[in-house]
**Student:** 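Sharing a structure below in structure tokens format, with a few things to ask.
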Amino acid sequence: MTHETGAALRRAVPDRWRTRFAPAPTGWLHLGHAVNAIYVWGLARAHGGRVVLRIEDHDRARHRDEYERGITEDLAWLGFDADEVAPPQRERYDAYARALAPLERDGLAYPCACSRRDIAGVVGDVFNEESRYPGTCRARGLDPQAHVARRVRMDDGIESFDDLRLAAQSQEPARQCGDVLARDRAGQWTYQFAVVVDDRDQAIDVVIRGEDLLASTGRQLRLARLVGRAAPPRYLHHPLLTVPGGAKLSKSAGDSGIRELRASGRSAAEVLGMAAHAARLIDTMRAVTADEVPALFRG
Ligand SMILES: [Zn+2]
């Protein structure tokens, strides 16, 4: 089994490592989050950076206060302390509107009247990489007063970036997803738009997240420039937890919840050890405290 280390990162290490841990309060913290936290805190601490905690509660329908409290508690139990706490997304709607306004003025964003049925699988579906918005409303000249949804144009062009772990990447948002939904028909800001504006306003230098989000990085880089970020963040995509057989560990798998592991009597260091081992950061299972995590990335 290959061993993941920080070694691959040394080729193009950023000067500044202000990063963020950004859970969505739509469920409890699970082992997959622990892996992400290990990467976020480990890399930030190993490089003298800072960690911003941001609650990504843009999805008001699925957000639950008890999840938000639970995430904060479990994170503290694991031993991860944020250097700063960013405002939750529910307090940032005005900021998103201010970021969108110049795009609308310049014709880079436009109203969209399409329903979920009109473009099956696209509207509101953040992670579906297979479906592409065909640009139906681009040239319709819809009345912005009559339609609340907005899309941001993804014109032709390649987005190239140097992933800090996966090296050179090349993506083409216009072909992959088409124009990106920034605000949906219910008036809710989308994940893609909200996080880009948050990363800009919170001066995030490095975004550290799982490989399952790799395909959406090109569109986020494009959006970042469109909302005025001259130097978009660097990205590092880390491996996802796998179970024997190679399947991605399900978020709903009961045995992967930090609460359940905690209730079963495991220590925080044992849980971090499980996560680090499953992410191949350590070769043999052992306890790892939060204080020991940066050493995993010092190589
Ligand atoms: Zn449309």
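The first residue in the sequence is number 1, and the count goes up from there. All ligand and atom numbering here is 1-based and tracks the order in the structure. Basis for what follows: all heavy atoms, side chains included, without hydrogens, waters or symmetry-related copies.
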**Student:** For the side chain of D205 and the backbone of R234, is there at least one donor-acceptor N/O pair under 3.5 Å apart?
**Tutor:** no

**Student:** When you compare the side chains of H237 and R209, does any donor N or O come within less than 3.5 Å of an acceptor on the partner?
**Tutor:** yes

**Student:** Give me the one residue out of L166, L281, N36, V40 that meets side-chain contact (heavy atoms from CB on, under 4.5 Å) with H238.
**Tutor:** N36

**Student:** Does any donor atom in the side chain of Q202 or R20 lie under 3.5 Å from an acceptor atom in the other side chain?
**Tutor:** no

**Student:** How many protein N, O or S atoms sit closer than 2.8 Å to the Zn ion (ligand 1)?
**Tutor:** 4

**Student:** Examine distances only and state if a side-chain atom of R62 and a backbone atom of G27 form a donor-acceptor pair shorter than 3.5 Å.
**Tutor:** no

**Student:** Any chance the side chains of Q169 and Y235 put a donor and an acceptor closer than 3.5 Å?
**Tutor:** no

